[in-house]
There are 2 protein chains.
Amino acid sequence: MSRNASLTPLPGSCAACAVRPFALFRVVPQARVGEIARVRSGVRLVRAGEAIHDSIFTLYAGWAFSWTATPDGRRQVLDFHLPGDLVERSEDGAEVEALTDASFCILARDRLCDFMGRDPGLAMSYAEGLTRDRARLRERLTSLGRRDAAGRVAHLLLELHGRLMRRGGADARGAAVPLKQAHLADALGLSVEHANRALAAMRKDGIATLNKGRLEILDREALEDMAGWSGPAQPGVLARTLAV
Amino acid sequence: MSRNASLTPLPGSCAACAVRPFALFRVVPQARVGEIARVRSGVRLVRAGEAIHDSIFTLYAGWAFSWTATPDGRRQVLDFHLPGDLVERSEDGAEVEALTDASFCILARDRLCDFMGRDPGLAMSYAEGLTRDRARLRERLTSLGRRDAAGRVAHLLLELHGRLMRRGGADARGAAVPLKQAHLADALGLSVEHANRALAAMRKDGIATLNKGRLEILDREALEDMAGWSGPAQPGVLARTLAV
DNA sequence: CGCGGTATTGAAACGCATCAAAACCCGTGG
DNA sequence: CCACGGGTTTTGATGCGTTTCAATACCGCG
């Protein structure tokens with residue numbers, strides 16, 4: 001019946017959870033893993049494209065993303081969520097949607113707060129996650145503000161590759177990246193057509209390809225150059241200030 | 001000797017601090033205000049344009065902003081900091097700079113962590129701040145991704161006005177907003193010239209003015225329209241999906 | 001009065017959006 | 001097995017918003 005990848009079931013116990021080493025509860029020592037169960041209020045499996053309405057959860061398998069609609073019917077992708085990420089719906093109108101078939105653990109906010117109140121390390125882990133989110137948004141803001149289309153695409157691909165790499169979901173040559181070009185475009189403030197052209201250029205130059213849900217990095221150095229600033233010369237701030 | 005606004009001295013005691021109601025320590029009850037002193041490692045006064053190297057501080061008076069340089073010598077403003085804001089330098093190369101003459105309380109990270117470990121409410125206050133930062137960045141990301149120049153300027157002015165309003169630093173008609181056009185431009189991914197043209201248009205249409213460090217809102221409704229999406233018709237997502 | 005930083009204005013060039021259409025891919029059903 | 005259909009990717013042509021470059025005007029201050 002499922003014409004799609006099967007929905008990965010979750011492990012019964014948090015102790016065996018494959019993503020916990022990268023997730024909010026990574027700081028909980030083995031001896032107290034049992035307490036996590038009291039914070040979990042359930043699990044859920046969703047299909048690609050479905051909206052997710054749970055207000056806090058940690059993604060176990062699959063990708064998701066947060067986005068907002070603009071009054072003229074376009075959308076802005078705010079962030080991509082990978083396995084192990086804690087996702088928290090914010091009060092503002094942002095939506096969370098499964099990008100692939102996905103499964104996750106729903107958390108109970110009040111019980112999570114209790115736990116964090118008793119365990120400062122957990123509170124710090126939570127804060128670290130927020131800080132990482134913020135750092136990522138700052139980078140992406142810089143992308144949209146100051147990079148051209150090719151640089152934005154290159155930068156986002158490198159960001160995703162790095163995040164996957166850190167949690168063992170990629171090797172140096174590439175990774176499973178199930179994004180459509182429309183996701184890229186909506187995350188980077190580009191039209192789908194232009195995102196396509198940027199990808200086409202990268203492919204033609206043998207730098208990287210994104211195809212059938214897989215990212216291949218053919219020339220990492222060139223990709224990093226592209227994500228840096230392609231601009232000419234690059235004298236550096238000081239030199240530029242002193243020049244003239 | 002100072003050709004600039006005087007550097008506002010800080011109050012001796014946190015109990016009397018004018019910005020504490022809006023700051024990290026707002027949650028500390030009067031009876032325990034004394035404990036805050038142990039977290040403060042000093043105060044500092046800086047002039048407009050000076051870089052700030054302290055890693056965590058709460059701004060007491062004046063504005064600051066965080067920014068990164070791009071290899072080609074431009075800059076991206078990541079966030080503006082207002083009195084009461086907790087500012088934390090991140091590991092990435094972002095700089096923090098005083099936008100006006102400013103004064104702030106420097107905090108000791110380890111002692112702050114201790115305090116948060118003992119006081120879950122304080123930890124929550126910290127997390128709230130991070131969450132607000134993130135929400136603001138998301139909004140700005142949406143701006144850069146999907147709004148045109150006029151919309152970006154309008155949106156940022158409204159954001160700043162709202163933040164100032166909430167802490168009693170503005171009235172409905174306007175506020176002190178010491179930004180140069182270059183700050184606006186660098187925050188919004190625009191050239192200075194174009195930011196100027198956007199402001200000029202707003203002025204000509206009697207919507208708002210930004211002049212000599214003061215923002216005047218002449219027609220809030222029009223300003224909000226401009227910050228929404230100026231696009232035509234605005235059928236709404238559903239209507240648009242169903243159309244055709 | 002003159003200077004440096006800031007704001008303003010104009011003209012030309014460019015990157016990206018938009019519109020339109022074709023190619024492609026894959027699952028579905030005849 | 002092949003034709004069909006919807007979603008996605010690709011390609012091309014045209015227009016607009018913004019950048020860039022170049023001057024000029026402005027303003028507070030020494």
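Letters A, B, ... are given to chains in the order of the sequence lines, protein chains preceding strands, and every chain is numbered from 1. Bear in mind the structure is a predicted one, so any value in this text is a computation, not a measurement.
With the nearest nucleotide of DNA chain C identified for both Lys212(A) and Val192(A), Val192(A) has the one nearer the 5' end. Both Gln181(A) and Ala149(B) lie close to DNA chain D; mapped to their nearest nucleotides by heavy-atom distance, the more 5′-ward contact belongs to Gln181(A).
Within the nucleic acid shown, Gly189(A) comes within 4.0 Å of sugar-phosphate atoms alone, with no base atom in reach, counting heavy atoms only. Nucleic acid contact class of Arg203(A) (heavy atoms, under 4.0 Å, all strands): sugar-phosphate only. The residue Leu199(B) sits apart from the nucleic acid: no heavy atom pair falls under 4.0 Å.
Under 4.0 Å is where a charged nitrogen must lie from a carboxylate oxygen, and between Arg74(A) and Asp72(A) at least one such pair does. With respect to Glu159(A) and Arg140(A), a salt bridge is recorded, a charged nitrogen being found less than 4.0 Å from a carboxylate O. Comment: Arg89(A) does not engage Asp54(A) in a salt bridge, judged by the lack of any side-chain N to carboxylate O separation of less than 4.0 angstrom. One finds a salt bridge joining Arg163(B) and Asp85(B) here, because a Lys/Arg side-chain nitrogen approaches an Asp/Glu carboxylate oxygen to under 4.0 Å.
Taking every side-chain heavy atom of Leu190(B) into account, dT18(D) is the closest of dT8(C), dT18(D), dT11(D). In the set dT18(C), dT18(D), dT6(C), the nucleotide with an atom closest to the side chain of Ser191(A) is dT18(C).
Rounded to whole angstrom, the span from the CG atom of Leu210(A) across to the P atom of dC25(C) amounts to 15 Å. A straight line from NE2 of His194(B) to C1' of dT8(C) spans 14 Å, rounded to a whole angstrom. Rounded to whole Å, the distance from CG on Asp186(A) to P on dT9(D) is 12 Å. Rounded to whole Å, atom C1' of dA7(C) lies 15 Å from atom CE of Met202(B). Rounded to an integer number of Å, the gap from Leu184(B) CG to dT19(D) P is 13 Å. A straight line from NZ of Lys204(B) to P of dT8(C) spans 14 Å, rounded to a whole angstrom. The nearest whole Å value for the distance from the CG atom in Asn196(A) to the C1' atom in dT18(C) is 15 Å. Atoms CG (Leu144(A)) and P (dC16(C)) sit 12 Å apart, rounded to a whole Å.
Scanning atom types as modelled, no donor and acceptor separated by under 3.5 angstrom connect the side chain of Glu193(A) and the base of dC16(C). Arg197(B) contributes no side-chain N or O that forms a donor-acceptor pair with the base of dG17(D) under 3.5 Å.
Aromatic ring pairs are classed by plane angle as parallel below 30°, tilted from 30° to 60° and perpendicular above 60°; the pair Phe65(B) and His183(B) is perpendicular.
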